[in-house]
Amino acid sequence: SRYMRFVIVFSSDMPYFYGFDEETEYIRKREDIIGKNFILPCVFTTRSTENDIVVNGDAKCEPVIEITCIKEATTPEEESGIIVLNETLGESIKLCTYLLQDEIVEVDVENRKITSNMRGNMLKCISEDTFLHRFKLVQGANHIKVMSNNADEQINALCRYRCRYIEGVY
């Protein structure tokens, strides 16, 4: 019998593994801070519309952005919409719609899906210049903003992601 030497090369479409825990951070949040007793002048609520998301992994990761409507817009603007902007990369996701009371919209970048608990698939509601595959979180700090075009619409937004690490090869 004859033997020949040969080499088999394996390649991976994603040579990374995910960290054990999923990270969750608020991007946009309105919170009541009033207690039973207060003395005027005082602040009754806090609001943040942006946050620095710090990724400690070795590679870019694709987040899930969850947007919750706390108070529906009373008079939706003609140009209704919500913009999620990653200022670090200059990429954004724009939803060209207003949200309903208690609606939760989940923008799953990795799986290229946008779903609502009330209206189902919402991929048809993104702007023509939104490309989900471009919206990523890079290693280090990512400055993320969430903006609503409706002044009286109250929304909260959080970011869920899992860090990616390079496979160990030796």
Non-hydrogen side-chain atoms of [X] and [Y] separated by less than 4.5 Å:
X: Ile67; Y: Asn156; answer: no
X: Val64; Y: Glu106; answer: yes
X: Val105; Y: Thr115; answer: no
X: Leu132; Y: Ile114; answer: yes
X: Ile104; Y: Glu66; answer: yes
X: Ile155; Y: Leu99; answer: yes
X: Lys94; Y: Asn149; answer: yes
X: Cys96; Y: Cys125; answer: no

Any chain of hydrophobic side-chain contacts (each under 4.5 Å) joining [X] to [Y]?
X: Val146; Y: Ile93; value: yes
X: Ile126; Y: Ile27; value: yes
X: Ile83; Y: Phe131; value: no
X: Met122; Y: Ile82; value: yes
X: Leu123; Y: Val109; value: yes

Any idea which heavy atoms bring [X] and [Y] closest together, and the distance?
X: Thr88; Y: Ala141; answer: OG1-O, 3.6 Å
X: Gly57; Y: Gln139; answer: O-CG, 3.3 Å
X: Leu158; Y: Arg160; answer: CD1-CG, 3.6 Å
X: Phe135; Y: Ile65; answer: CE2-CD1, 4.4 Å
X: Tyr165; Y: Tyr18; answer: CD1-C, 4.4 Å
X: Tyr98; Y: Arg119; answer: O-NH2, 2.7 Å

In Å and rounded to the nearest 0.5 Å, what is the [atom1] to [atom2] distance from [X] to [Y]?
X: Ile144; Y: Thr49; atom1: CD1; atom2: OG1; value: 12.5 Å
X: Thr130; Y: Leu95; atom1: OG1; atom2: CG; value: 7.5 Å
X: Lys29; Y: Ile70; atom1: NZ; atom2: CD1; value: 10.5 Å
X: Cys163; Y: Phe17; atom1: SG; atom2: CZ; value: 10.5 Å

Without swapping roles, check the side chain of [X] against the backbone of [Y] for a donor-acceptor pair under 3.5 Å.
X: Glu72; Y: Gln101; answer: yes
X: Asp108; Y: Lys113; answer: no
X: Asn142; Y: Gly140; answer: yes

- Stepwise, does the side-chain contact (heavy atoms from CB on, under 4.5 Å) test hold for His143 with Glu50? CA-CA 7 Å; His143 192 77; Glu50 55 193 79; 2.7 Å; yes
- Query: Any salt bridge between Glu87 and Lys145, counting N to O under 4.0 Å?
  - Reply: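 Looking at Lys145 together with Glu87, the answer is yes, because their closest N to O distance falls below 4.0 Å.
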- Item | Salt bridge flag under 4.0 Å for residues Arg162 and Glu110 |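 No, Arg162 and Glu110 are not salt-bridged.
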- Query: Does a side chain donor of either Glu153 or Ser148 reach within less than 3.5 Å of an acceptor in the other side chain?
  - Reply: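 A pair is found: one side chain offers a donor N or O, the other an acceptor, under 3.5 Å apart.
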- Task: Verify side-chain contact (heavy atoms from CB on, under 4.5 Å) between Val55 and Tyr161, making sure each step is shown before the conclusion.
- Result: CA-CA 9 Å; Val55 175; Tyr161 63 95; 4.0 Å; yes
- Residues two or more places apart in sequence or in another chain: which of them pass side chain to side chain contact (heavy atoms under 4.5 Å, CB included) with Lys136?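 By the side chain to side chain contact (heavy atoms under 4.5 Å, CB included) rule, Lys136 matches Lys60, Glu62, Leu89.
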- Residues in side chain to side chain contact (heavy atoms under 4.5 Å, CB included) with Asn51, at least two apart?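 Expected list: Glu25, Ile53.
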